[in-house]
Amino acid sequence: MIPSGSKPHLFVVLNDPKTFAGYGAQPHVFLVNLTTVYSGIPYDATCVFQNGVHPFIKHLSYVNYAGARFEPESHVVALVQKGIITHFPPDFTANAVQRIKAGVATSPHTKNVYKGLSL
């Protein structure tokens with residue numbers, strides 16, 4: 001859980017820390033967050049999860065590929081140690097994680113620079 005907007009959001013780390021071209025020698029992780037689907041508000045339907053798929057998903061939610069980002073591993077670890085990021089054991093199934101990863105390449109909202117990533 002990472003503070004984002006008015007409340008913490010569930011973020012998923014999609015890779016083990018590693019270096020990526022254009023991001024220097026420091027290992028990075030690639031993050032996407034999940035956001036509640038609200039009636040009447042457009043959302044990215046590439047990867048949607050029903051409530052209960054993960055302990056923190058209480059409402060229909062989508063992966064917000066528009067907000068996907070790289071973070072240095074050291075920065076994420078420091079925020080966890082400070083209690084700013086709350087780390088939980090992985091609760092998504094392997095199939096769910098594969099769906100999320102596949103959406104990086106297929107979502108019309110993913111930044112083009114991220115489309116060809118090998119996560």
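This structure is a prediction, so every number in the text was calculated from the model and none was measured.
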Legend entry - Straight-line distance of Q98 CD to C47 SG, nearest 0.5 Å: 11.0 Å

Inset, instruction - Could you tell me whether a side-chain N or O of K115 sits under 3.5 Å from a main-chain N or O of S107, the two making a donor and an acceptor? - result: yes

Inset, instruction - Tell me whether I84 is reachable from F56 by hopping between hydrophobic residues (I, L, V, M, F, W, Y) whose side-chain heavy atoms are closer than 4.5 Å. - result: no

Inset, instruction - Please write out which residues are connected to I41 in a hydrophobic cluster, directly or through intermediates, given that two of Ile, Leu, Val, Met, Phe, Trp, Tyr count as joined at side-chain heavy-atom separations below 4.5 angstrom. - result: Y38

Inset, instruction - Could you tell me which residues satisfy ring-ring contact (aromatic ring centres under 6.0 Å, His included) with F20, sequence neighbours excluded, listed by chain and number? - result: F70

Legend entry - Note, F11 side chain near I85 side chain (heavy atom, < 4.5 Å): no

Inset, instruction - Check salt bridge (Lys or Arg N to Asp or Glu O under 4.0 Å) between R99 and all other residues, then give those that pass, not counting sequence neighbours. - result: none

Inset, instruction - Please answer whether the main-chain N or O of F30 pairs with a side-chain N or O of N15 as donor and acceptor at a distance below 3.5 Å. - result: yes

Legend entry - Nearest-0.5 Å distance, CG of residue N51 to OG1 of residue T36: 10.5 Å

Inset, instruction - Tell me whether L34 is reachable from V53 by hopping between hydrophobic residues (I, L, V, M, F, W, Y) whose side-chain heavy atoms are closer than 4.5 Å. - result: yes

Legend entry - Heavy-atom check, side chain of V32 versus side chain of I100, under 4.5 Å: yes

Inset, instruction - Could you tell me whether the side chain of D16 and the main chain of V29 form a donor-acceptor pair under 3.5 Å? - result: no

Inset, instruction - Answer yes if V63 and L31 sit in the same cluster of Ile, Leu, Val, Met, Phe, Trp and Tyr residues linked by side chain heavy atoms under 4.5 Å apart, and no otherwise. - result: no

Legend entry - Distance-only polar pair, side chains of D44 and T46, donor-acceptor under 3.5 Å: yes

Inset, instruction - Would you mind reporting whether K101 and S118 have side-chain heavy atoms less than 4.5 Å apart? - result: no

Inset, instruction - To the nearest 0.5 Å, tell me how far L60 CG sits from S39 OG. - result: 10.5 Å

Inset, instruction - Would you check if the side chain of S61 reaches a backbone N or O of H59 as a donor-acceptor pair within less than 3.5 Å? - result: yes

Legend entry - pair P72-H28: side-chain heavy atoms closer than 4.5 Å: yes

Inset, instruction - Side-chain contact test, heavy atoms from C-beta onward, threshold under 4.5 Å: evaluate it for L14 versus V12 and give yes or no. - result: yes

Inset, instruction - Look at the rings of H54 and F92 and say which category their plane angle falls in: under 30° parallel, 30 to 60° tilted, over 60° perpendicular. - result: tilted

Legend entry - Value rounded to 0.5 Å, distance of CD in Q26 from CD in E71: 10.5 Å

Inset, instruction - Please step through side-chain contact (heavy atoms from CB on, under 4.5 Å) for the pair L10 and N33, ending with a clear verdict. - result: CA-CA 6 Å; L10 178 64; N33 79 291; over 6 Å; no

Inset, instruction - Kindly give the heavy-atom pair with the smallest separation between K111 and A68, and that separation in Å. - result: NZ-O, 4.3 Å

Legend entry - Contacts of Y62 that satisfy ring-ring contact (aromatic ring centres under 6.0 Å, His included) - sequence neighbours left out: Y43

Inset, instruction - Output all residues satisfying ring-ring contact (aromatic ring centres under 6.0 Å, His included) with Y65, sequence neighbours left out; order by chain, then residue number. - result: none

Inset, instruction - Give a yes or no on whether V97 and L119 share a hydrophobic cluster (residues Ile, Leu, Val, Met, Phe, Trp, Tyr; joining criterion: side-chain heavy atoms under 4.5 Å apart). - result: yes

Inset, instruction - Ignoring hydrogens and angles, tell me if any N or O in the side chain of T110 forms a donor-acceptor pair with the backbone of V104 under 3.5 Å. - result: yes

Legend entry - Candidate pair H9 and I2, rule side-chain contact (heavy atoms from CB on, under 4.5 Å), full reasoning: CA-CA 5 Å; H9 281 83; I2 298 177; over 6 Å; no

Legend entry - Set of side chain to side chain contact (heavy atoms under 4.5 Å, CB included) partners for T19, sequence neighbours left out: none

